[in-house]
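These notes concern the structure reproduced below.
For reference, positions follow the sequence shown, starting with 1. Owing to the predicted nature of the structure, the values given are computational and were not obtained by experimental measurement.
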Amino acid sequence: MITAEQSEQLRAWFAERLPVDVYESLDSVTADREEITVVGSIPATESVREFRERTREQRIEVAREAEELYRRKVAWGVRVGEETTLFTHLAVPVMTRLRQSERQVLDTLVAGGVARSRADALAWCVRLVGRNTDSWLTELRDSLDQVGRVRAQGPDVSGTTDSMKSGSE
């Protein structure tokens, strides 16, 4: 998880490096431990396929630099109107332990044709929670940013004080 300040710095970094003709506007730059996802708007007259072909070399050049600097893969996406299409993005395996009642939820989704597998069912559940609790998750992320700022401003505990020295003798 990165802070809001780090997120803004990341967005600024991509905004500086992307040629002006790649996107009409840079809509979002998001990151987690493994991946940075860059999404921008393109004209309704241009298809995703045309965009990918037209900008491939430019995006590869920026991605290589970002991957070296940030040690994360770069994924790309486009927004046309309300529709967002991601490409070259990661699907990262996540290990979890579930109790029988939780596995039964996933198995019901598979049996009902909502998902092809338990992994798909779990991803479906995560998307559903994300969609239905977006404001709560945003508030939680903001709180984590605040915790990070408070920790950064905290006392310097790297040095030892006289009271600590006398207690250890």
Side-chain angles (χ1 to χ4, degrees), residues 1-18 22-23 25-42 47-49 51-53 55-80 82-149 151-152:
M1 179 108 204
I2 67 171
T3 66
E5 183 179 335
Q6 291 169 326
S7 182
E8 278 306 310
Q9 290 171 348
L10 192 61
R11 180 184 174 78
W13 188 91
F14 276 93
E16 285 177 9
R17 280 158 184 80
L18 282 171
V22 171
Y23 290 119
S25 66
L26 182 59
D27 294 349
S28 66
V29 178
T30 56
D32 64 10
R33 290 184 294 181
E34 295 87 14
E35 182 177 37
I36 299 167
T37 304
V38 181
V39 177
S41 294
I42 62 173
S47 72
V48 173
R49 189 165 148 213
F51 169 83
R52 290 183 75 180
E53 291 298 320
T55 63
R56 179 171 280 117
E57 293 304 317
Q58 296 161 310
R59 289 182 296 104
I60 287 172
E61 186 177 319
V62 172
R64 282 187 183 137
E65 188 178 349
E67 288 170 3
E68 186 175 318
L69 180 64
Y70 295 109
R71 302 284 183 231
R72 294 177 174 107
K73 289 292 185 187
V74 176
W76 300 94
V78 295
R79 184 166 293 124
V80 181
E82 296 299 313
E83 178 101 12
T84 300
T85 304
L86 296 178
F87 45 92
T88 65
H89 58 286
L90 299 176
V92 178
V94 177
M95 176 61 97
T96 186
R97 295 180 186 275
L98 299 175
R99 303 213 184 285
Q100 186 179 40
S101 62
E102 296 160 334
R103 293 189 310 268
Q104 286 174 336
V105 170
L106 300 181
D107 292 343
T108 300
L109 293 171
V110 172
V114 173
R116 293 183 312 249
S117 64
R118 283 180 171 176
D120 283 345
L122 186 56
W124 183 87
C125 291
V126 169
R127 284 191 302 274
L128 182 66
V129 168
R131 192 175 315 126
N132 291 321
T133 60
D134 192 45
S135 61
W136 180 81
L137 288 171
T138 299
E139 190 175 332
L140 182 61
R141 287 183 188 110
D142 291 345
S143 296
L144 291 171
D145 286 345
Q146 179 61 26
V147 168
R149 286 190 292 275
R151 281 186 182 153

Nearest 0.5 Å please: distance from the [atom1] atom of [X] over to the [atom2] atom of [Y].
X: Leu10; Y: Leu69; atom1: CG; atom2: CG; value: 9.0 Å
X: Glu61; Y: Thr55; atom1: CD; atom2: OG1; value: 12.5 Å
X: Glu35; Y: Leu90; atom1: CD; atom2: CG; value: 4.0 Å
X: Leu122; Y: Leu109; atom1: CG; atom2: CG; value: 10.0 Å
X: Tyr23; Y: Gln58; atom1: OH; atom2: CD; value: 11.0 Å
X: Leu144; Y: Arg149; atom1: CG; atom2: CZ; value: 10.5 Å

Residues in salt bridge (charged side-chain N to carboxylate O under 4.0 Å, His left out) with [X], at least two apart?
X: Arg52; result: none
X: Arg11; result: none
X: Arg64; result: none

Of all heavy-atom pairs between [X] and [Y], which one has the smallest distance, and what is that distance?
X: Ala31; Y: Ile36; result: CB-CG1, 4.0 Å
X: Leu106; Y: Cys125; result: CD2-SG, 4.2 Å
X: Ala66; Y: Val74; result: CB-CG2, 3.7 Å

Q | Side-chain donor-acceptor pair present, Gln6, Thr3, cut-off under 3.5 Å | A |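 Note: Gln6 and Thr3 side chains meet the donor-acceptor criterion.
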
Q) For Arg79 and Thr84, does a side-chain donor sit closer than 3.5 Å to a side-chain acceptor? A)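 The criterion, which ignores hydrogens and geometry beyond distance, is satisfied for Thr84 and Arg79.
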
**Q.** Val38 vs Val62 side-chain heavy atoms within contact, under 4.5 Å
**A.**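 Contact flag for Val38/Val62 side chains = no.
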
Q. With a 4.5 Å heavy-atom cut-off, do Thr138 and Asp134 have their side chains touching?
A.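 In short, these two side chains touch, coming nearer than 4.5 Å.
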
Q) CD of Glu5: more than 12 outside heavy atoms within 6.0 angstrom? A)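 No, not enclosed.
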
Q) What pairs with Arg127 under side chain to side chain contact (heavy atoms under 4.5 Å, CB included), at least two apart in sequence or on another chain? A)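 Partners of Arg127 by the side chain to side chain contact (heavy atoms under 4.5 Å, CB included) criterion, ordered by chain and then number, come out as Ala123, Trp124, Arg131.
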
Q: Please identify each residue that fulfils side chain to side chain contact (heavy atoms under 4.5 Å, CB included) with Ser7, with sequence neighbours left out.
A: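 Side chain to side chain contact (heavy atoms under 4.5 Å, CB included) list for Ser7, sorted by chain: Ile2.
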
Q: Return each pair, listed once, that meets side-chain hydrogen bond (donor to acceptor under 3.5 Å, both in side chains) where at least one residue sits in residues 94-118; pairs must be two or more places apart or across chains.
A: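 Every side-chain hydrogen bond (donor to acceptor under 3.5 Å, both in side chains) pair that includes a residue of residues 94-118, provided the two are not neighbours, is Asp107-Arg118, Arg116-Asp120.
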
If the condition is side-chain hydrogen bond (donor to acceptor under 3.5 Å, both in side chains), which residues does [X] pass it with, not counting sequence neighbours?
X: Arg17; result: Glu65
X: Glu53; result: Arg56
X: Thr88; result: none
X: Glu67; result: none

Q: Could you tell me which residues satisfy ring-ring contact (aromatic ring centres under 6.0 Å, His included) with Tyr70, sequence neighbours excluded, listed by chain and number?
A: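 Expected list: Trp13.
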
Q) Who are the ring-ring contact (aromatic ring centres under 6.0 Å, His included) partners of Phe14, not counting sequence neighbours? A)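 With sequence neighbours excluded, Phe14 shows a ring-ring contact (aromatic ring centres under 6.0 Å, His included) to no residue whatsoever.
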
Q. How far apart are the C-alpha atoms of Phe87 and Phe51, what are their side-chain angles, what is the distance that settles it, and do they pass the side-chain contact (heavy atoms from CB on, under 4.5 Å) test?
A. CA-CA 11 Å; Phe87 45 92; Phe51 169 83; 3.7 Å; yes

Q) Should Val105 and Leu98 be marked as a side-chain contact (heavy atoms from CB on, under 4.5 Å) after you check the CA-CA gap, both sets of side-chain angles, and the distance that decides it? A) CA-CA 10 Å; Val105 170; Leu98 299 175; over 6 Å; no

